[in-house]
Structure formats: structure tokens, C-alpha cells
Asks: 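Have a look at this one.
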Amino acid sequence: MEAAVQGERKAMLVRISGRVQGVSFRIWTLEEAERLGLSGWVRNEADGSVKALIAGPETAVSAMLARFWKGPRGASVSGVVSESADPDQASAGFRITG
């Protein structure tokens, strides 16, 4: 049974660009990820983007990818680029790393 649950997990490494720093994007991401039951992390990047690793059930990962396009109030998202990642890279829970 546990192997089947593991097989349903999906992970994506995501870069969100636009006006996404200084608008509480990381806190918003943490809250949304916890609502969806995702694990992973989010951080600001030196180039002004936000990077996140999200992992969990495929439906929750897809929902979070869609939410990234909206972001929190004050954000103006111009791009969301994602690539597959190893679900084992995401530790339990969700955290802000930088």
C-alpha cells in the first residue's frame, strides 16, 4: 500500500518571475503549500525571482502550479517555469529557506 502512495507523489522545481519579491510571496507560498499538504521549500533568488520545490500528490502539485500564476496581493507574476524533480529532495513539511 505504501509503495502505491509513493508512486503518486510528484515534485517540481519552480522559478517564478515578475514582481515577486517584497510582496510576501514566500509567506504566501508557505501558507498555500501547507493548505494543499505539500512539502518542500521556497526562497528568494539574487535575480529577483522566487524558486520553490513543491512535492506531494499530483493534484496538489498541479493546483500549486496554477496558484503561482496569481500569487499574493501585490505580486505581478510574469513567468512560472517548472521542471520535474525528485520527490525525495523535499523533506517533510514546507519551509522558507532564504
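If you read the sequence from its start, that first residue is 1, and numbering goes on from there. In this text, all values refer to a predicted model and were calculated from it rather than measured experimentally.
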Asks: Drop me the distance from W41's CH2 to T29's OG1, to the nearest 0.5 angstrom.
Replies: 11.5 Å
Asks: For residues 72-84, dump all side-chain donor-acceptor pairs below 3.5 Å to protein atoms at least two apart in sequence or in another chain.
Replies:
{"unit_1": "S78", "atom_1": "OG", "unit_2": "S17", "atom_2": "O", "d": "3.4"}
{"unit_1": "S78", "atom_1": "OG", "unit_2": "G18", "atom_2": "N", "d": "3.4"}

Asks: Within the 4.5 Å heavy-atom criterion, are R95 and L30 side-chain neighbours or not?
Replies: no
Asks: Does V23 reach the side chain of W28, with side-chain heavy atoms less than 4.5 Å apart?
Replies: no
Asks: Rounded to the nearest 0.5 Å, what separation is found between the OG1 atom of T97 and the CZ atom of R26?
Replies: 8.5 Å
Asks: Mind checking salt bridge (Lys or Arg N to Asp or Glu O under 4.0 Å) for R19 and listing every partner two or more places apart, or none if nothing turns up?
Replies: none
Asks: Give me the atom names and distance for the closest heavy-atom approach of S39 to S91.
Replies: CB-O, 3.2 Å
Asks: Looking at CD of E31 and CZ of R67, how far apart are the two atoms once the value is rounded to the nearest 0.5 Å?
Replies: 12.0 Å
Asks: In terms of hydrophobic clustering (I, L, V, M, F, W, Y; side-chain heavy atoms under 4.5 Å; direct or indirect links), are F25 and L65 co-clustered?
Replies: yes
Asks: Mind checking the CG-NZ spacing from L38 to K10? Nearest 0.5 Å is all I need.
Replies: 11.5 Å
Asks: So with a 6.0 Å cut-off around CD1 of I27, is the heavy-atom count from everything else above 12?
Replies: no
Asks: Side chains of F68 and V14, heavy atoms from C-beta outward: is any pair under 4.5 Å?
Replies: yes
Asks: Can you get from L13 to W69 by hopping between Ile, Leu, Val, Met, Phe, Trp and Tyr side chains that sit under 4.5 Å apart?
Replies: no
Asks: Taking side chain as C-beta onward, heavy atoms only, is D86 less than 4.5 Å from Q89?
Replies: yes
Asks: Could you tabulate the donor-acceptor pairs under 3.5 Å formed by side-chain atoms of residues 45-64, not counting sequence neighbours?
Replies:
{"unit_1": "E45", "atom_1": "OE2", "unit_2": "R43", "atom_2": "NE", "d": "2.6"}
{"unit_1": "D47", "atom_1": "OD1", "unit_2": "S49", "atom_2": "N", "d": "2.9"}
{"unit_1": "D47", "atom_1": "OD1", "unit_2": "S49", "atom_2": "OG", "d": "2.6"}
{"unit_1": "S49", "atom_1": "OG", "unit_2": "R15", "atom_2": "NH1", "d": "2.8"}
{"unit_1": "S62", "atom_1": "OG", "unit_2": "E58", "atom_2": "O", "d": "3.1"}

